[in-house]
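Ligands are counted one by one from 1 in listed order, and the atoms in each one are counted from 1 as well. The structure presented is a predicted model; accordingly, all values stated were derived computationally and were not measured.
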Amino acid sequence: MTETNQVRIAILGLGTVGGGVYQLFQSQKDSLEAKTGLSAEIAAILVRDVKKPREGIAPSLLTDNFDDILHDETIDIIVEVMGGIEPARTYITEALHAGKNVVTANKDLMATHGGELLDLAQEVGRDLLFEASVAGGIPIIRPMKQCLAGNRITEVMGIVNGTTNYILTKMDDEGMEFSDALAKATELGYAEADPTADIEGYDAGRKLAILASIAFHSRVTFRDVYTEGISHITAADIRYVKDMGCVIKLVAIARETEKGIEASVQPMLLPADHPLASVKDVFNAVFVRGDAVGETMFYGRGAGRFPTASACMGDIIDVMRNIRFYCTGRIGCGCYRHVPIEPMKETVQRYFLRMQVADRPGVLAAIASVLGGVGVSIKQVVQKPTKAGQAELVLITDQVKEKDFLDALERFKSMTDMIQDISSLIRVHE
Ligand code: NAP
Ligand code: HSE
C-alpha cells in the first residue's frame with residue numbers, strides 16, 4: 001500500500017479475462033473508496049509479450065518480469081488470470097510468501113493444487129480468493145463458503161461448461177450432429193482452438209473438484225472426478241431421448257453418501273421438467289442441496305470477458321475490505337476432514353442403452369434375461385425396425401450398481417448373433 005493508503009494491484013495476464021478485469025476496474029475505480037474505504041490503482045500488468053499492441057493500456061504498466069511485481073512492496077493484491085499450472089503456481093506461492101493477497105480465475109490450478117495454496121494463504125494470513133474459477137460470473141463459491149455455511153451440503157449438481165451446453169442445445173433444438181454444432185461453437189468463439197478440455201468434460205471436472213471440496217469440507221482433486229465427454233452423443237440419441245420426455249446435458253454431480261464422495265461429469269438424461277433441463281446455450285447453472293436450506297439454484301453466464309471479470313472484481317473488493325480492517329486470511333481452506341472417494345463402478349445409476357439387434361423372436365427376452373441376471377429391470381423400451389431382419393432397440397433401465405451393469409454389457413458383446421452394435425450408453429438422472 002502507498003503512504004496515502006492506496007491499495008496497489010498487479011494483474012498477471014491480459015487476455016480475455018485480464019483485459020476484462022482492467023476495463024471493469026477502470027470503470028469502477030471512482031466508487032471503490034465508497035465501497036471499501038480505500039482507493040486503489042492498477043500498478044503493473046504481467047504479459048508474455050510486452051511489445052504486442054494493447055489498446056487502451058499504458059505501455060509503462062506492462063512487464064514481462066514477475067520479479068518486478070514480486071519485489072514491489074507497495075503491491076498488495078495480485079490477480080492471476082494467466083491460466084495453466086506453471087508458472088501460475090510458483091508465482092502465487094511466491095506472492096503469498098511475500099505477503100500479497102491473491103485473486104485467481106485459474107480452475108486448472110485450484111482443482112489440482114488448491115489445498116496446498118489455501119493452506120499457505122492461511123499460514124501467512126493472506127486472502128486467496130477464486131470465485132471466477134467456477135461458473136464464471138455466477139456467484140457460487142462465496143455463497144457456498146459463507147451464506148450456506150450453516151448447512152450440511154449433500155449434493156452439488158450443475159451445468160458448468162458453456163461450450164458443451166451450447167453444442168447440446170444446438171443438437172436438441174436444431175437437430176444438428178455433434179461435429180456441426182462444435183463447428184458453430186468454434187465459429188462463435190465459444191470453443192477454444194483445441195476444444196478437448198471442454199468436450200471431454202475435463203473443464204467441468206476441474207470445476208466440480210473445486211465445488212465438491214467446498215461442499216463436503218474434504219479435499220477433492222481433479223483426479224478424483226470421473227469424467228466422460230459428449231463427443232459420442234449423436235442426433236439419433238437426442239431424437240429418442242426427446243421422445244422419452246428428456247434432454248441430454250453434460251452434468252457435473254457430486255454427492256456425499258454413507259460410503260463417501262461420488263464425483264462425476266458425464267452426459268446425462270434429465271427429465272424435461274428438471275430445473276437444469278431449461279438451462280440453454282452457453283449459460284451455466286449450479287444446483288445445491290443443503291439440509292437446512294433445501295434446494296437452491298444459481299444461474300447465469302459461466303464464462304466470457306465481463307462475467308468472469310465481474311467475479312474477479314468482487315474478489316478484489318472483498319480483499320480491499322479485509323485489508324482495511326486488518327483481517328485478510330479470514331476465510332481460509334474449509335477442508336477440515338477426510339472423506340473417501342467412492343469409485344464410479346461402485347455407484348448406482350440408471351442407463352439409456354441404444355443397440356442394433358437382430359429382429360427375430362427371443363432377442364428381447366435374451367437381453368432382458370442378461371439384465372435380470374444382474375438384478376436390473378427395464379423401465380422403458382422402444383424397438384424400431386431399421387432394415388431387413390434388423391431393429392434398433394432403445395431401453396432405459398432401473399437403478400443398478402455400475403460394475404454389475406458393465407458385467408451385463410460384457411455379456412452383450414459376446415452375443416454377436418443377436419446384438420450387432422451397442423451404439424450408445426448414457427446415464428439417466430435418478
Ligand atoms: P487468455 O486469453 O489466453 O490470456 C492469457 C494471458 O496471460 C495473456 O495475456 C498472456 O500474455 C498471459 N500469459 C500467459 N502465460 C504467461 C506467462 N507465462 N507469463 C506472462 N504472461 C502470461 O486466457 P483467458 O481466457 O483470459 O483465461 C485466463 C484464466 O481465466 C484461465 O485460468 C482460465 O481458465 C480462467 N477463466 C477463463 C474464462 C473465460 O471465459 N475465458 C472463464 C473463467 C475462468 P500475452 O498476452 O503476452 O500472450
Ligand atoms: N471453456 C469454458 C466453458 C469457459 O466453455 O464454459 C472457461 O471456464
Quick one: nearest non-hydrogen protein atom to [atom], plus distance?
| atom | result |
| --- | --- |
| atom 28 (C) of ligand 1 | Val81 O, 3.3 Å |
| atom 46 (O) of ligand 1 | Arg54 NH1, 2.7 Å |
| atom 4 (C) of ligand 2 | Ala303 CB, 3.4 Å |
| atom 42 (C) of ligand 1 | Thr308 OG1, 3.2 Å |
| atom 8 (O) of ligand 2 | Lys107 NZ, 2.7 Å |
| atom 37 (C) of ligand 1 | Val17 CG2, 3.5 Å |
| atom 12 (C) of ligand 1 | Gly13 CA, 3.7 Å |
| atom 5 (C) of ligand 1 | Met82 O, 3.7 Å |
| atom 40 (O) of ligand 1 | Gly304 N, 2.7 Å |
| atom 2 (O) of ligand 1 | Thr16 N, 3.0 Å |

Heteroatom proximity flag, [X] to ligand 1, N/O under 3.5 Å:
| X | answer |
| --- | --- |
| Gly18 | no |
| Leu14 | yes |
| Arg305 | no |
| Asp49 | yes |

May I ask you to decide if [Y]'s main-chain N or O and [X]'s side chain share a donor-acceptor pair within less than 3.5 Å?
| X | Y | result |
| --- | --- | --- |
| Asp198 | Thr164 | no |
| Lys145 | Gly332 | yes |
| Arg126 | Ala121 | no |

Using a 4.0 Å cutoff against the non-hydrogen atoms of [X], which atoms of ligand 1 qualify?
| X | value |
| --- | --- |
| Ala303 | 40 (O) |
| Pro87 | 18 (N) |
| Lys52 | 45 (P), 46 (O), 48 (O) |
| Lys107 | 33 (C), 34 (O), 36 (N), 44 (C) |
| Ala132 | 43 (C), 44 (C) |

For [X], counting its heavy atoms only, list the atoms of ligand 2 lying under 4.0 Å from any of them.
| X | value |
| --- | --- |
| Asp203 | 2 (C), 8 (O) |
| Lys207 | 2 (C), 6 (O), 8 (O) |
| Asp198 | 1 (N), 2 (C), 3 (C), 5 (O) |

Which one of [options] satisfies the side chain to side chain contact (heavy atoms under 4.5 Å, CB included) criterion with [X]?
| X | options | value |
| --- | --- | --- |
| Leu14 | Lys52, Arg48, Arg54 | Arg54 |
| Leu353 | Thr397, Leu393, Val381, Leu409 | Leu409 |
| Val134 | Leu208, Asn284, Ile210 | Ile210 |

Quiz item: Got an N/O contact under 3.5 Å between Gly162 and ligand 2?
Solution: yes

Practice problem: Flag Thr163 as yes when one of its N or O atoms lies below 3.5 Å from any N or O atom of ligand 2, and as no otherwise. | Solution: yes

Practice problem: For atom 10 (C) of ligand 1, state which one of Arg301, Met110, Arg48 supplies the nearest heavy atom. | Solution: Arg48

Quiz item: Which residue from Gly84, Ala105, Ala197, Gly15 reaches closest to atom 1 (P) of ligand 1 through any of its heavy atoms?
Solution: Gly15

Exercise. Evaluate the side-chain hydrogen bond (donor to acceptor under 3.5 Å, both in side chains) criterion for residues Glu228 and Tyr226: first the C-alpha distance (whole Å), next the side-chain angles of each, then the deciding distance (0.1 Å), finally the verdict.
Key: CA-CA 7 Å; Glu228 188 185 304; Tyr226 168 87; 2.6 Å; yes

Practice problem: Verify side-chain hydrogen bond (donor to acceptor under 3.5 Å, both in side chains) between Thr63 and Asn65, making sure each step is shown before the conclusion. | Solution: CA-CA 5 Å; Thr63 175; Asn65 184 0; 5.6 Å; no

Quiz prompt | Ring centers of His274, Phe287 separated by less than 6.0 Å | solution = yes

Practice problem: Could you walk me through whether Val102 and Phe130 pass side-chain contact (heavy atoms from CB on, under 4.5 Å), step by step? | Solution: CA-CA 9 Å; Val102 176; Phe130 49 101; over 6 Å; no

Self-check item: Euclidean distance, Asp237 CG relative to Ile426 CD1, rounded to 0.5 Å
Solution: 4.0 Å

Exercise. State whether any protein heavy atom lies less than 4.0 Å from atom 34 (O) of ligand 1.
Key: yes

Quiz item: Are more than 12 heavy atoms from other residues, nucleotides or ligands located less than 6.0 Å from atom CD of Gln28?
Solution: yes

Quiz prompt | Arg223 CZ: over 12 foreign heavy atoms closer than 6.0 Å | solution = no

Practice problem: Answer yes if the side chains of Gln356 and Ser423 hold a donor-acceptor pair under 3.5 Å, and no otherwise. | Solution: yes

Quiz item: Which bit of Thr308 is near ligand 2, meaning a heavy atom under 4.0 Å away: side chain, backbone, both or neither?
Solution: neither

Quiz item: Quick one: which of Arg427, Lys345, Arg350 gives a salt bridge (Lys or Arg N to Asp or Glu O under 4.0 Å) with Glu402?
Solution: Arg427

Self-check item: Candidate pair Tyr240 and Glu392, rule side-chain hydrogen bond (donor to acceptor under 3.5 Å, both in side chains), full reasoning
Solution: CA-CA 11 Å; Tyr240 276 110; Glu392 189 161 51; 2.6 Å; yes

Quiz prompt | Glu80 touching ligand 1 at heavy-atom level, < 4.0 angstrom | solution = no

Self-check item: side-chain hydrogen bond (donor to acceptor under 3.5 Å, both in side chains) evaluation trace for Asn165 with Lys249
Solution: CA-CA 7 Å; Asn165 203 40; Lys249 293 287 185 190; 3.1 Å; yes

